[in-house]
Colleague: 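Below you will find the structure I want to go over with you.
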There are 2 protein chains.
Amino acid sequence: MPSSGLRWDIIELLFFAYRDFVGDADQELEAFGFGRAHHRVLHFVHRYPGLKVADLLDVLRITKQSLGRVLKQLLDEGYIVQKAGSNDRRQRLLFATPKGEALVGKLATLQTERLNRALRGIDPAGLETIRQFLRAMIDRDDPDKVLEAIFGLAPSGPKHKEQT
Amino acid sequence: MPSSGLRWDIIELLFFAYRDFVGDADQELEAFGFGRAHHRVLHFVHRYPGLKVADLLDVLRITKQSLGRVLKQLLDEGYIVQKAGSNDRRQRLLFATPKGEALVGKLATLQTERLNRALRGIDPAGLETIRQFLRAMIDRDDPDKVLEAIFGLAPSGPKHKEQT
DNA sequence: TATATATGTCAATATGGCTGACGTAATTTT
DNA sequence: AAAATTACGTCAGCCATATTGACATATATA
C-alpha cells in the first residue's frame, strides 16, 4: 500500500509531456528569432481577436513591461496589428495579421500532430475525460476574460487592479 | 465542419493546466529561495536515487553549466548529497537527504492535491486513459535513463555524446 | 603511457521574467 | 471645466535560468 498517496507518476508524466509538447513549437520559433513568449501572445491574439492589452496581461500573468518587449517585436515585424477601441479609444485591440495567422497555424499544426498521435486509440469518451481532467486542473477563482470564455462563466466584473 | 482540424482547445487547456500545476510549487519554492530548476533536480534525484550527473543532464536537457549552479546550491544547503560511484569513482551519484525529501514531498503534496481535485469524478479507467495520453505525448526516440524506466524499455546503449 | 570520460568551473551572453518611476492620451468623476 | 482615473507605453535596472566556449582534474580504459 502506498503510504503517502502522492501521484509521483502523473507529476512526472506531466513534466515530460509538456516539455515535448512545447518543444515542437520551440524548434520552429527559433527559425523566426522568437521564443515561447511570442508564441503565447500570438496564440491568444489569434484565438480571441480584438483582445485588449490588459486582457493579455491577465491571461499571461506577466507585467506590461515584459509583455511590451515581446508585443513590440510582433507589431514591428507585422505579425500583429493594433486598432483603437471604438468605444474607448485608449484601448489597443489586437489582431493577428495573415502573416501572424500563418505562423501560429504552423505551430498549432505541429502540436496537433503530436496530440493526434497521442490520441490514437482513445475514443471520444476518453477524449472528453482528458478534457475534463485538464479543465479541472485550472484555477477558477478570479478567472480572466479568456477563462470565462473557456468555462462559459458570467463575467466577474472589472479587473485591472493597479499593477506597478 | 472544422476545415483545419487543429486542436486549439486542447493546446490552450494544456497551457493553463500546466501553468497552474507548476504554480503550486512555485509559490512554495519562493519561500526557500529556490526556483523551478531546483524542483526538477530534486524531484528526479528523489525518484531515481543514485542518478548520475550525466543522467540528470539527459533528463533535464540543459547544459552542465546550467545544472552546475542549481545543483551546487542544493548540495551546499544540504538537500542533496553526492557519493562516488563504486564501479567508476569519477561518477557522482546523487541522493536526496531527509531535508531534500521533506521539501520535494511537500511540493508533491501540493501538486497531488490539485491532481486529486481534478480527478474527482474520473473512474480508474478514465485515469488510465489520461495516463495513456500523457505517455503517448512523450518523445520516445533516444530515451534517457529515466524514460527507459518509465516505459520499461531496454537500455539504448551509452549516451553522453560530447556536449560543450 | 596515452587517450577518453565524468565532472567541475570560469567567463561572457541572451531571454524573459521582475520592480519602480514616469509620460501621454482619453475617459470618467466631481 | 477641472480633477482624477484608466489604458497603455517606456526608460532603467535587477534577477533567474538558459546558452557557448574553454579549460582543469580525477579516473578509467586502450
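Predicted model, so just to flag it, every value in this text is computed and none were measured. In what follows, chains are A, B, ... by sequence order, proteins preceding strands, each numbered from 1. As a basis for the values below, the full set of heavy atoms in this structure was taken, side chains included, without hydrogen atoms, waters or symmetry mates.
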Colleague: Could you go through nucleotides 26-29 of chain C and list every protein N or O atom that sits under 3.5 Å from one of its N or O atoms, giving the distance for each pair?
Modeller:
from: C/dA26; atom 1: OP1; to: A/R89; atom 2: NH2; distance (Å): 3.2
from: C/dT27; atom 1: OP1; to: A/R89; atom 2: N; distance (Å): 3.2

Colleague: NA contact type, B/Q73, heavy-atom cut-off 4.0 Å: base, sugar-phosphate, or nothing?
Modeller: nothing

Colleague: More than 12 heavy atoms of other residues, nucleotides or ligands under 6.0 Å from CD of B/E128: yes or no?
Modeller: yes

Colleague: Between atom NZ in A/K64 and atom C1' in D/dT6, what is the gap in whole Å?
Modeller: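 Atom-to-atom, A/K64 to D/dT6, this comes out as 10 Å.
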
Colleague: Quick one: which of D/dG9, D/dA18, D/dC8 gets closest to the side chain of B/I62?
Modeller: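 Output: D/dA18.
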
Colleague: Measure from CD on A/Q82 to C1' on D/dA7 and round the result to the nearest Å.
Modeller: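 In whole Å, D/dA7 C1' lies 11 Å from A/Q82 CD.
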
Colleague: Looking only at non-hydrogen atoms, find the nearest pair between B/M137 and A/A118 and report the distance.
Modeller: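 It is SD-CB, 3.6 Å.
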
Colleague: D/dT6 C1' sits how many Å from A/D58 CG, rounded?
Modeller: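 The answer, rounded to whole Å, is 14 Å.
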
Colleague: Please check the phosphate of C/dC18 (OP1 and OP2 only) for any side-chain N or O of A/T63 closer than 4.0 Å.
Modeller: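 Yes, within the criterion.
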
Colleague: From the list D/dT10, D/dC8, C/dT7, which nucleotide is the closest neighbour of the side chain of A/K72?
Modeller: D/dT10

Colleague: Using 0.5 Å steps for rounding, measure from the CD1 atom of A/I138 to the CG atom of B/D20.
Modeller: 6.5 Å

Colleague: OP1 or OP2 of D/dA22 versus the side-chain N and O atoms of B/Q65: is any pair under 4.0 Å?
Modeller: no

Colleague: Specify the separation, in whole Å, of atom CD1 of B/I80 and atom P of C/dG8.
Modeller: 11 Å

Colleague: So does B/R19 pair up with A/D139, basic N to acidic O under 4.0 Å?
Modeller: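 Salt bridge: no.
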
Colleague: Rounding to a whole Å, what distance do you find between B/L75:CG and C/dG8:P?
Modeller: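 These atoms are roughly 8 Å apart.
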
Colleague: Heavy-atom count check: over 12 atoms from other residues, nucleotides or ligands less than 6.0 Å from A/K99 NZ?
Modeller: yes

Colleague: Measure the distance from CZ on B/R92 to C1' on C/dG8 and round it to the nearest whole Å.
Modeller: 8 Å

Colleague: Could you check whether A/F34 and A/Y79 have their ring centres less than 6.0 Å apart?
Modeller: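 So the answer is yes for these two rings.
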
Colleague: Is A/K72 atom NZ crowded by more than 12 heavy atoms from other residues, nucleotides or ligands, each under 6.0 Å away?
Modeller: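 Atom NZ in A/K72 is not crowded, with 12 or fewer foreign heavy atoms closer than 6.0 Å.
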
Colleague: Heavy atoms within less than 4.0 Å of DNA chain C: which residues of residues 20-44 of chain A have one? Give them sorted by number.
Modeller: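 Result for residues 20-44 of chain A: A/G35, A/R36, A/A37, A/H38, A/R40, sorted by number.
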
Colleague: Give the rounded distance in Å between these two atoms: CG of B/L94 and C1' of C/dA6.
Modeller: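 In whole Å, C/dA6 C1' and B/L94 CG are 12 Å from each other.
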
Colleague: Going only through I, L, V, M, F, W and Y residues with side-chain contacts under 4.5 Å, is there a path from A/L134 to B/W8?
Modeller: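 Linked within one cluster.
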
Colleague: For the side chain of A/V53, starting at C-beta, report the closest nucleotide among D/dC8, D/dA18, C/dT19.
Modeller: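 Looking only at side-chain atoms, A/V53 lies closest to D/dC8.
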
Colleague: Specify the separation, in whole Å, of atom CG of A/L93 and atom C1' of D/dC8.
Modeller: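 Going from CG in A/L93 over to C1' in D/dC8 covers 12 Å.
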
Colleague: Applying the ring pair (Phe, Tyr, Trp, His ring centres under 6.0 Å) test to B/F16, which of A/F151, A/Y18, A/F44 qualifies?
Modeller: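 Filter result, single survivor: A/F44.
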
